[in-house]
Amino acid sequence: MKRIKVNLDKQSATSYEICIGHNILDRIGLVIAKSNLARHYIVITDSNVSSLYREELLTALKNVNLNVDLIEFPAGEISKNTDTVLTIIKKLINLGADRNSALIALGGGVTGDMTGFIASIYMRSIPYIQIPTTLMAQVDSSIGGKTGIDLPEGKNLLGAFFQPKSVFIDLQFLKTLPDEEFKNGLSEIVKYGIIDDMELFNILERETENIKNRSMDLLELMVERSCKIKRGIVEIDEMDMGVRRILNFGHTIGHAIEAESGYMIPHGNAVSIGMIASARISEKLNYLSSEDRNRIEHLIRSIDLPDHVPTSISMEGMLSKIRTDKKKKGDSVHFVLLKKIGVPFINGSVKEAIIRETIEELRK
Ligand code: ADP
Ligand code: ZN
C-alpha cells in the first residue's frame, strides 16, 4: 500500500493521508482501527455499491472489532439532494451516532460529496473517511475536501470545504466499474497529464491498449500520479482561490456542454470535448503549437473519449452558460489555456467570437 501525505496547514490539523493499493480492504480495516478515530463507524453507500461491496467491507471492519453500521441510499446523481441528506441524518440519529462517531463514504462522487457534506453539518461536524470506488472519485472528487449536494436551482449549490481524515483507494473496485464511468475518470487523468505532467501524458500516449484493458499496474500508476498532482495543487490552494483553477482545464466549455445537454452527456465526456476546444483556442491565440494541439486531440480519440459537440446541443445555450460563468467571476471568462503540454495558464480575455468559432468547428 502506497501512502501520499496531504499537508494542508502548518498546524497540520487538517492534513491527512491517501493510501493506494490493490485488494487492501483488510489493511484499511487495520489502519482505521489503529487510528482510534471514533467509537462507532457508519458506512454510507449507494444501492449499487452496497450490493457489490458491503459484505466485504463490513467483514474487514468487523474483523478488527470495529463497531460498524451501514446506511444505503438509491444510486444516482438524482439522490444528491436535501431529501436524501435529511433521510440519512434521521437514520444516523436512530443509530445513535454522536460526536464519537465517524462516517465512511463508500462509493463514487455522489456518495463522497454527500457523505462529506453530512459529516460537515451533523452535530456541528464529525470526522469522515473516503473510500472512493469510481475512477473519477479516486483521482478527483475524493481529494481536496469539496463536499456538497445539488439544489433544484443547480448542482453543488449547497456545501462546504471539509477535509476527510483519510482516503483509501482500492484499485480492485475499478474491475466492476461500467465503461461509461471508467471513461469519466479517464478524462480527468488526461487533464492531469495536459496541465501538469508531460511524462504522464507520454505514458498515456504509449499505453492506450493497456488503458482500455484496465491493466492493474497501469491503473495504479495513473491513479497515483493523478492523486499526487491534485494533492500538490490542493496544498497550495485549499479554498480554490487561485492555482486550483487550473484544475478547471476543459471545464468551462465542458460544463456548458454538460448543462446544455440536460446532463445527458456525462461530465468526463463533456470535459474531453472541452479540453479539445481549449487546446484549439490556445493554438488560435498563438500560445500552443499545432503539434501539441494535435497530440492532445489524438490521445483523446485513441482512448475513445469524445471529440465533438453533438449538433443537438444549442450553440446559443452553450454560449449563454459560458457568459453566466463569466458574470460570476468579473467581466471576462477565465479560461485555462496552454503554452505547451504541462504548462497551463489562466487567460482572462478570451473573446466570445473565438469561443463560438471553435465550438462551431467541433459541432457534428
Ligand atoms: P462519480 O464518481 O462519477 O460522480 P457516481 O457516484 O455518480 O460517480 O457513481 C456512478 C455510478 O457507478 C453509480 O451508479 C454507482 O452506483 C456506480 N458505481 C460506483 N462504484 C462502482 C464500482 N466500483 N463498480 C460498479 N459500479 C459502481
Ligand atoms: Zn471534472
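One-based numbering, in listed order, for ligands and for the atoms of each. Computed over heavy atoms, backbone and side chain alike; hydrogens, waters and symmetry mates excluded.
When the options Val49, Thr176, Leu106 are ranked by their closest heavy atom to atom 25 (C) of ligand 1, first place goes to Thr176. Between the choices Asn48, Asp170, Asp46, the shortest heavy-atom distance to atom 14 (O) of ligand 1 belongs to Asn48. Taking only non-hydrogen atoms, the option from Leu135, Val110, Asp113 nearest to atom 5 (P) of ligand 1 is Val110.
Residue side and main chain included, Glu188 places an N/O/S atom under 2.8 Å of the Zn ion (ligand 2).
Among the candidates Ile253, Ile346, Asn248, the single residue satisfying the side chain to side chain contact (heavy atoms under 4.5 Å, CB included) test with Phe335 is Ile253.
Every atom of ligand 1 is numbered from 1 in the order shown, and the set under 4.0 Å from a heavy atom of Pro178 is 25 (C), 26 (N). Interface atoms of ligand 1 facing Leu177, defined by a heavy-atom separation under 4.0 Å, are 20 (N), 21 (C), 22 (C), 24 (N), 25 (C), 27 (C). The contact set between ligand 1 and Thr134, taken as ligand atoms under 4.0 Å from a residue heavy atom, comprises 1 (P), 2 (O), 8 (O), 9 (O), 19 (C), 20 (N). Near Leu52, with a cut-off below 4.0 Å to any heavy atom, the atoms of ligand 1 are 24 (N), 25 (C). Near Ala75, with a cut-off below 4.0 Å to any heavy atom, the atoms of ligand 1 are 16 (O).
Aromatic ring centres of Phe117 and Phe162 lie farther apart than the 6.0 Å criterion allows.
Because its NZ or CZ atom is both nearer than 6.0 Å to the ring centre of Phe182 and within 45° of the ring axis, Arg214 counts as a cation-pi partner of that residue. Geometrically, Lys339 engages Phe345 in a cation-pi contact defined by less than 6.0 Å to the ring centre and at most 45° from the axis.
With a 4.5 Å cut-off on side-chain heavy atoms, Lys230 and Val139 do not count as touching.
The environment of NZ in Lys155 is crowded: more than 12 heavy-atom neighbours from other residues, nucleotides or ligands sit within 6.0 Å.
Not a single heavy atom of Ser47 lies less than 4.0 angstrom from ligand 1. Using a 4.0 Å cutoff on heavy atoms, Glu181 counts as a contact of ligand 1.
Neither side chain, Asn67 nor Lys62, offers a donor N or O lying under 3.5 Å from an acceptor on the other. Tyr263 and Glu77 share no side-chain donor-acceptor pair at under 3.5 Å.
For Arg244 and Glu235, the salt-bridge test fails: no basic side-chain N is under 4.0 Å from an acidic carboxylate O.
Considering backbone and side-chain atoms alike, Tyr53 places every N or O at 3.5 Å or more from each N or O of ligand 1. Checked against a 3.5 angstrom limit, the closest N/O atoms of Thr133 and ligand 1 fall inside it.
Residue His251 approaches the Zn ion (ligand 2) most closely through its N/O/S atom NE2. The N, O or S atom of His267 with the smallest distance to the Zn ion (ligand 2) is NE2.
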